[in-house]
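This report refers to the structure that appears directly beneath it.
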Amino acid sequence: LAYFMVGFVAVSFFLQFISGAASDAVGRMLRFRRKRELYMNAYVVRKRMRIVFLVISIVSFLLLFLLAQVLAHKVFEVPNAELIIRILSVVILLRMLVSFWQGYFQSFGSQLQTMCGCMLRPAFYFIFGNAFCEKRLEYGVKVAALLKNDDFEGLYAAMGLAEAVVITEL
């Protein structure tokens, strides 16, 4: 669990720093322009914001992916968590794209997509996490027995949980 928590803390920091209230900001900007009947301006803003979000998410993904070793070894001092951080770095890319589209739908006054996402995300984390952890844990037990190192059981279970988080974001 410590392996997963190290990766999740690193990704959560990046997500909070980058996409904290991004969907609300996009929604407000587009709603303001629609109220003033600046439809062409809203289209241009939406197009530019999509490009900005894509660039920020790719840069953040690459930054976290490349700094995974430094974060795992130096900052958190959990060397085996590097793989988990790299798997979870994809979440940044996916969450930024989702937050843009949530903001787009919020600009029409619809909060249903954001509400459903907030309610269903933890449920899918639990469902997929349970399934993937069991499968990866079975494999981790075999690897740990083969290498005679018990660290691999937890590492593979955490890797299954990280994969479940990425699949949930998809």
Side-chain angles (χ1 to χ4, degrees), residues 1-34 38-108 110-122 124-125 128-129 132 136 155-170:
L1 188 61
Y3 299 124
F4 178 75
M5 288 311 296
V6 164
F8 200 71
V9 165
V11 169
S12 296
F13 172 75
F14 270 82
L15 282 176
Q16 190 62 32
F17 184 67
I18 293 166
S19 71
S23 61
D24 294 333
V26 170
R28 269 187 254 119
M29 285 176 57
L30 292 176
R31 191 173 26 242
F32 174 78
R33 283 172 173 67
R34 278 201 193 95
L38 301 170
Y39 299 112
M40 191 59 178
N41 195 353
Y43 172 76
V44 171
V45 167
R46 187 180 76 228
K47 188 175 175 181
R48 287 183 183 159
M49 288 298 290
R50 188 172 45 217
I51 292 169
V52 167
F53 272 50
L54 186 63
V55 168
I56 290 172
S57 62
I58 289 173
V59 167
S60 302
F61 160 71
L62 289 174
L63 186 66
L64 186 61
F65 191 83
L66 295 175
L67 291 177
Q69 184 176 8
V70 174
L71 288 171
H73 290 271
K74 303 286 187 214
V75 176
F76 295 111
E77 296 179 358
V78 182
N80 293 334
E82 176 184 346
L83 177 65
I84 307 301
I85 293 173
R86 288 195 171 150
I87 291 172
L88 286 174
S89 64
V90 177
V91 171
I92 291 175
L93 187 66
L94 297 173
R95 185 74 65 93
M96 283 294 286
L97 296 176
V98 166
S99 67
F100 170 78
W101 288 110
Q102 282 178 344
Y104 173 73
F105 289 116
Q106 284 177 3
S107 71
F108 290 112
S110 174
Q111 301 291 329
L112 184 64
Q113 293 81 10
T114 305
M115 183 189 71
C116 287
C118 290
M119 289 175 56
L120 292 177
R121 189 176 285 133
F124 282 129
Y125 282 170
F128 289 139
F132 279 91
R136 286 293 187 173
L155 178 65
Y156 277 88
M159 191 168 40
L161 191 56
E163 290 170 352
V165 168
V166 171
I167 287 174
T168 300
E169 291 299 326
L170 282 175

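This chain uses plain numbering: 1 for the first residue, then up along the sequence. Nothing here was measured: the structure is a model prediction, and the numbers come from that model.
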Query raised in the report: Would you call Ile84 and Leu161 a side-chain contact if the rule is heavy atoms closer than 4.5 Å?
Result: no

**Report entry** For Phe65, all residues meeting ring-ring contact (aromatic ring centres under 6.0 Å, His included), sequence neighbours excluded
**Finding:** Phe61

Report task. Determine, stepwise, if the pair Leu64 / Leu88 fulfils side-chain contact (heavy atoms from CB on, under 4.5 Å). Result -> CA-CA 9 Å; Leu64 186 61; Leu88 286 174; over 6 Å; no

Query - side chain to side chain contact (heavy atoms under 4.5 Å, CB included) partners of Leu97, counting only residues at least two apart - result: Leu54

Report summary line: Rounded to the nearest 0.5 Å, the CG atom of Leu67 sits from the NZ atom of Lys74 at a distance of 13.0 Å

Query raised in the report: Under 3.5 Å, side chain of Ser60 to main-chain N/O of Ser57, donor-acceptor pair present?
Result: no

Report task. For residues Ala72 and Ala81, report the shortest heavy-atom separation together with the two atoms involved. Result -> CB-C, 4.1 Å

Query raised in the report: Rounded to the nearest 0.5 Å, how far does CD1 of Ile167 lie from CZ of Phe132?
Result: 3.0 Å

Report summary line: Interatomic distance, CD@Glu82 vs CD1@Ile87, rounded to 0.5 Å, equals 11.0 Å

Query - side-chain contact (heavy atoms from CB on, under 4.5 Å) between Glu169 and Arg121, worked out - result: CA-CA 8 Å; Glu169 291 299 326; Arg121 189 176 285 133; 3.2 Å; yes

